[in-house]
Amino acid sequence: MSAKLSPIINPDELLNIKDSSELILIDARAGINAQENYQKEHLKGARFVDLNKDLATIENPENGGRHPLPSLEKFSQVLSKLGISPLSRIIIYDDKNGSNAAARFWWMLRAIGHEKVQVLNGGLQATIQIGFPVNSELETFEPTEKYPVTEWKLAQADIDEVEKARKNDESIVIDVRDKNRFDGLTEPLDLIAGHIPGAVNVPFSENLDEDGFYKSAEVLAEKYSKITGNKNPENIIVHCGSGVTACHTLLAMDYAGLAIPKLYVGSWSEWSRNDRELATKK
């Protein structure tokens with residue numbers, strides 16, 4: 001398996017390898033009824049991962065936002081529970097074109113050095129449409145030995161670094177939430193509507209075409225190269241509401257052949273709770 005495996009796989013490609021012994025399919029739907037919906041119908045063989053329980057440690061959103069990363073020890077346990085080993089080829093999907101938790105899980109795996117991981121283009125619906133078998137029965141599988149996890153290897157930014165970056169012409173802070181949330185017109189999840197002053201708005205939804213598939217690598221490369229200019233990837237910070245949908249854009253940039261920028265995990269949910277300067281609707 002090449003270390004340069006594309007971060008995105010199309011439904012027909014998955015169909016061709018569905019019986020591979022090294023393949024582990026992960027359902028990463030999120031939301032109130034995510035596990036219920038998984039149990040009603042999921043891609044055959046898929047194992048469920050829970051955003052709140054498995055991919056975050058929910059505590060005080062003032063410290064790390066609504067979905068802070070779990071400890072490395074906890075993440076290692078999650079991977080072992082899912083039957084994932086360093087040799088596994090992992091393909092992740094959700095029902096929101098990767099913007100629920102599929103891209104977040106992809107980023108987390110890449111961040112511990114796991115290269116054989118991809119997000120399913122078009123997600124659950126597109127894959128069912130081409131005839132991939134589904135299941136409503138309990139999936140059985142064996143846990144693995146402890147997955148060796150030593151550090152988060154992909155770059156992150158904390159709240160203080162974002163404070164400096166937003167005032168620095170050599171840096172750029174990208175907010176991937178939709179424009180209405182960025183503009184402070186609506187806020188369905190956090191206490192205050194608005195954005196980090198100095199941030200630029202590039203909604204993650206713009207990574208997708210009208211059919212809900214990622215735009216081509218060439219189109220995405222041109223788009224993000226124009227937005228970031230010649231800035232060093234170390235000076236590019238991407239965030240959203242709680243460090244989940246931001247990973248959709250990190251994946252898009254990786255797919256485009258660009259370096260993966262820094263993720264601000266705490267995002268708006270942390271920033272807006274910490275007496276920082278806010279840009280809100282006047």
Side-chain angles (χ1 to χ4, degrees), residues 1-30 34-35 37-56 69-70 72-98 100-128 130-150 152-154 244 247-248 251 254-255:
M1 184 66 61
S2 169
K4 295 182 180 179
L5 188 71
S6 170
I8 290 173
I9 185 170
N10 290 319
D12 58 333
E13 296 175 296
L14 173 61
L15 193 59
N16 289 334
I17 62 167
K18 67 180 178 64
D19 297 320
S20 169
S21 60
E22 67 171 2
L23 176 66
I24 293 182
L25 193 56
I26 299 289
D27 187 309
R29 278 178 278 187
Q35 190 157 10
N37 292 333
Y38 162 81
Q39 290 169 344
K40 288 177 183 175
E41 183 180 68
H42 55 266
L43 299 184
K44 188 174 181 180
R47 307 167 189 186
F48 181 76
V49 69
D50 188 294
L51 171 61
N52 292 333
K53 296 177 182 177
D54 299 326
L55 306 185
L69 292 174
L72 291 167
E73 176 65 23
K74 177 182 175 180
F75 191 45
S76 172
Q77 293 170 1
V78 166
L79 297 179
S80 298
K81 179 187 71 173
L82 289 168
I84 292 172
S85 79
L87 298 178
S88 303
R89 179 175 180 178
I90 306 162
I91 296 176
I92 314 165
Y93 71 88
D94 58 35
D95 56 355
K96 300 292 182 185
N97 303 314
N100 258 347
R104 165 73 169 238
F105 194 24
W106 167 86
W107 183 90
M108 291 172 68
L109 283 162
R110 286 290 303 274
I112 62 166
H114 195 108
E115 295 289 337
K116 295 191 293 184
V117 54
Q118 297 169 289
V119 169
L120 186 54
N121 205 4
L124 174 66
Q125 296 86 344
T127 309
I128 291 175
I130 67 159
F132 196 97
V134 296
N135 192 15
S136 58
E137 302 296 325
L138 182 67
E139 301 289 351
T140 57
F141 54 90
E142 295 295 323
T144 57
E145 294 181 1
K146 185 176 180 180
Y147 191 110
V149 177
T150 57
W152 299 115
K153 298 178 181 180
L154 293 183
V244 177
C247 296
H248 193 279
L251 188 152
D254 186 50
Y255 178 51

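The first residue in the sequence is number 1, and the count goes up from there.
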Among L124, D27, I91, find the one that has a side-chain contact (heavy atoms from CB on, under 4.5 Å) with L43. L124

State, to 0.1 Å, how close N100 and A28 come at their nearest heavy-atom pair, and which atoms those are. CB-O, 4.1 Å

Here the pair of heavy atoms bringing I24 nearest to G83 is CD1-O, 3.2 Å

Correct closest heavy-atom pair for Y147 and H114 would be OH-ND1, 2.7 Å

Of all heavy-atom pairs linking P70 and D54, the shortest is CG-O, 4.0 Å

Which heavy atom in D50 sits nearest to a heavy atom in K53, and how many Å separate them? OD1-N, 2.8 Å

At what distance, to the nearest 0.5 angstrom, does CE of M108 lie from CG of L55? 5.0 Å

Least distance between heavy atoms, H248 atom then N97 atom: NE2-O, 3.0 Å

Rounded distance [0.5 Å steps], CD1 in I26 versus CG in L82: 4.5 Å

If a pair satisfies side chain to side chain donor-acceptor pair (under 3.5 Å) and one of its residues is in residues 133-142, list it, with sequence neighbours excluded. H42-E139, N135-E139

Parallel, tilted or perpendicular, judged at 30° and 60°: which one describes the rings of F105 and F75? perpendicular

D94 with K96: basic N within carboxylate O range, under 4.0 Å: no

